[in-house]
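Model, not experiment: these values are computed from the prediction.
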Amino acid sequence: MTQRRGNNRGGRPPTPPTQSPRPERRASVAISEQLAEPVVTPLTNPDAAAIELPASLTVHKLAEDLHETPINVIKNLMRLGVMAAMNDVIAYDAASKVAAALGIAVKQQETQATSIAREGEQEEDKGHLIARPPIVTILGHVDHGKTTLLDAIRQTNVAAREVGGITQHIGAYQIEYKGNKITFLDTPGHAAFTAMRARGAQVTDVAVLVVAADDGVQPQTIEALDHARAAKVPIVVAVNKMDKPDADQEKILRQMAELGLVAESWGGDTVTVPVSAKQRTGIDDLLDSILLVAEIQELKANPDRKARGVVIEAQLDKSKGPIAHVLIQNGTLRVGDSVVVGNTWGKMKAMINDQGRRVRAAEPAMPVEILGLDKLPEAGDILVAVEDEKTAKAMIAHHQTQVASTHVLGLEDIASKVRSGEIKELPVVIKCDVQGSVEAIRNALAGISNTEAQLRIIHASAGTITESDVLLASASNGVIVGFTTRVEPGAQHLAEQQGVGIRLYNIIYTLVEELEKTLKGMVEPKVLETIEGRAVVKALFSMGKRAQAAGCAVTDGRLRRGASIRVLRDAKPIFQGTINSLRHFKEEAREITAGMECGVGMEGFNDYQVGDQLVAFSIVRS
């Protein structure tokens, strides 16, 4: 029988005799002082069966399951770069590493919900496969004619015009052309296109890249191209506005060739079609090309299995309740079916197609509006038809567990996976302050791939790190590398939610060296910066003897006395120091949270200006 350490279930571990009791808030100091000590050998029977652990659990529960003291578990977590208190939830991945360090065999629990979820993800079809319509997304630079082109394509759908036109708010619609159906996603752009992939929904079969013949390739054109390439879908180039007097198709073909898309007329394999959405010319050629590309892919689905699809958009109707616009990808969805959609479920009360008609069933590649969900889902959520309510609730519980165990994948994690052979490719999004730096870093990274893993730059551009960059990295299982740039607050939050690692550098050689070490599986943990809060200076106050304080509004997170802080002016850092004074009105405060106003004083800095940005941060070891 394994001897158990610690107290009874739920109890606090006994204080070691050599230490005096410490308040819980000082536990991290005590732990830090003990890090140099060797790990205590666990009293575990090496011949015992592996301990089963759930997908996520608290540190206290892990200590209990491993028959270890919480302090010993926390020490080993810190060695792994994970800062967690007793009641914090950690993922199985971190828990298994702690167990391995303690010499304890563990395995992940196989729950009913896990089994159900896996079955829902299986693509093995027991029935017959039939050809399905292609799903097409139109991408491109703003004002290059995407909306006009979609309108022109809609006009080819004669049957839809006869029944009064297509309901456009559904987010997706089908047309029939020469006896073939084609489904178009009517999304606002590549950000929405990538958001679906970031949430696990690989929706598109063909991407149509629209380029205006009179304007040429623009920054958003390149960004849209990178998103389509990251999705690994065939690209058809539509050279639009060919009716313009200054239209120059050869110029467009030359620019596209420079980006790696060589037109078939130039001996390449990229289908390029000249069109005029305004004059409605070339539309038939574009649709023919889409069908040809789709035919080569041999798109098939099984209509006899339970439905699986993706939410295009969702809205709350006062009379109908939650409404989701869904694109069925496989199987057939029927009225009366029970479904799980992301973190909600429901029984199909009604379905409406893209022409506003009620339907009893929706087959593969068909867009429908569904009614009957318990709560409003999010765009990109996966829909899975299940047997009954009990199954649905089990899957929702599994989904929530997965969300709770989100883990940010940094360079150290990737290096570890490279060493173990799990990763053979490192997708990277690069953002720099200026375009010249983008080219310099591209060139510097050109030759660092090796036999262990390959570096793939999925997008590189100038500017701050945005939510779109995070979505692209998330959808590609990659990381973001920033050079002398900053992270937008919304992007920082999204990166934490999506589990996307962001690394910022000021020296190009350090950037290249770390990525090269990552590909060799050699990266060591390093000190990283975590943003705690942001504020903006609204007013200035004199503190006497030429000292000055800043009257601020906290816009995000929190400011706390003693925290490290950086002053940004015009998005550029001008000072870095420590908050030595923090007041709420006339009262000294230890902490000020978002939505509140405060007075901030820093040692060694008085040159505040209204509009300055203050960024509070802490240093952590990863």
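- A search for side-chain hydrogen bond (donor to acceptor under 3.5 Å, both in side chains) contacts involving T221 returns nothing, not counting sequence neighbours.
- Remark: F575 pairs with F605 by the ring pair (Phe, Tyr, Trp, His ring centres under 6.0 Å) rule, at least two apart or across chains.
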For I222 and L259: C-alpha separation, side-chain torsions, deciding distance, then whether side-chain contact (heavy atoms from CB on, under 4.5 Å) applies. CA-CA 8 Å; I222 299 173; L259 295 173; 4.1 Å; yes
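- H144 meets the ring pair (Phe, Tyr, Trp, His ring centres under 6.0 Å) test with H141; sequence neighbours excluded.
- Between K572 and T484, the closest side-chain pair of non-hydrogen atoms is not below 4.5 Å.
- When side chains are defined from C-beta on, V233 does not count as touching V206, because their heavy atoms never get closer than 4.5 Å.
- Considering only heavy atoms from C-beta on, Q613 stays 4.5 Å or farther from R534 through its side chain.
- For the pair T485 (side chain) and G463 (backbone), a donor-acceptor distance under 3.5 Å is present.
- Contacts of N443 classified as side chain to side chain contact (heavy atoms under 4.5 Å, CB included), with partners at least two apart in sequence or in another chain: none.
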Show your reasoning for whether side-chain contact (heavy atoms from CB on, under 4.5 Å) applies to V208 and L139. CA-CA 6 Å; V208 174; L139 307 171; over 6 Å; no
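- Within 6.0 Å of atom CD in E597, 12 or fewer heavy atoms from other residues, nucleotides or ligands are found, so the atom counts as exposed in its surroundings.
- Taking 4.5 Å as the limit, some side-chain heavy atom of L150 sits within range of a side-chain heavy atom of Y173.
- No side-chain heavy atom of S461 sits less than 4.5 Å from a side-chain heavy atom of E223.
- Listed by chain and residue number, D433 satisfy the side-chain hydrogen bond (donor to acceptor under 3.5 Å, both in side chains) test with S437 (two or more places apart in sequence, or in another chain).
- Under 3.5 Å, the side chains of E488 and Q492 contain no donor-acceptor pair of N or O atoms.
- For D246, the CG atom counts as densely surrounded, since its 6.0 Å shell holds more than 12 non-hydrogen atoms of other residues, nucleotides or ligands.
- Sorted by first and then second residue, the side chain to side chain donor-acceptor pair (under 3.5 Å) pairs with a member in residues 256-278 read D243-S276; sequence neighbours excluded.
- No donor-acceptor pair under 3.5 Å is formed between the side chain of E298 and the backbone N or O of E295.
- Between the side chain of Q174 and the backbone N or O of A365, at least one donor-acceptor pair lies under 3.5 Å.
- E513 has a carboxylate O that lies under 4.0 Å from a charged side-chain N of K517, or vice versa, which qualifies the two as a salt bridge.
- The environment of CD in Q609 is crowded: more than 12 heavy-atom neighbours from other residues, nucleotides or ligands sit within 6.0 Å.
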Please test Q576 against R566 for side chain to side chain donor-acceptor pair (under 3.5 Å), starting from the C-alpha separation and ending with a verdict. CA-CA 4 Å; Q576 182 169 309; R566 184 177 295 115; 3.0 Å; yes
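- Considering only heavy atoms from C-beta on, I296 stays 4.5 Å or farther from V293 through its side chain.
- By the side chain to side chain contact (heavy atoms under 4.5 Å, CB included) test, K538 is found to be paired with V536, A553, residues two or more places apart in sequence or in another chain being considered.
- For F483 and Y505, the distance between ring centers is not under 6.0 angstrom.
- Qualifying side chain to side chain contact (heavy atoms under 4.5 Å, CB included) partners for T593, counting only residues two or more places apart in sequence or in other chains: R558, E591, M596.
- Residues meeting the salt bridge (Lys or Arg N to Asp or Glu O under 4.0 Å) test with D612, sequence neighbours left out: R569.
- Looking only at distances, a side-chain donor or acceptor of K146 sits under 3.5 Å from a matching main-chain atom of G140.
- A 4.5 Å side-chain heavy-atom check between V567 and L614 finds at least one atom pair inside the cut-off.
- At a threshold of 4.5 Å between non-hydrogen side-chain atoms, the residues L559 and C598 count as touching.
- In this structure, Y177 contributes its side chain and D284 its backbone to a donor-acceptor pair below 3.5 Å.
- Evaluation of the salt bridge (Lys or Arg N to Asp or Glu O under 4.0 Å) rule for E467 yields no partner, not counting sequence neighbours.
- Residues passing the salt bridge (Lys or Arg N to Asp or Glu O under 4.0 Å) test with R132, sequence neighbours excluded: D205.
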Apply side-chain contact (heavy atoms from CB on, under 4.5 Å) to residues V479 and V500 and explain how you reach the verdict. CA-CA 6 Å; V479 296; V500 173; 5.8 Å; no
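- Just one residue in the list V487, L504, I502, T466 forms a side chain to side chain contact (heavy atoms under 4.5 Å, CB included) with I480, and that residue is I502.
- Nearest heavy atoms, K241 versus A247: O-CB, 3.7 Å.
- Residues forming a side-chain hydrogen bond (donor to acceptor under 3.5 Å, both in side chains) with T281 (at least two apart in sequence, or on another chain): none.
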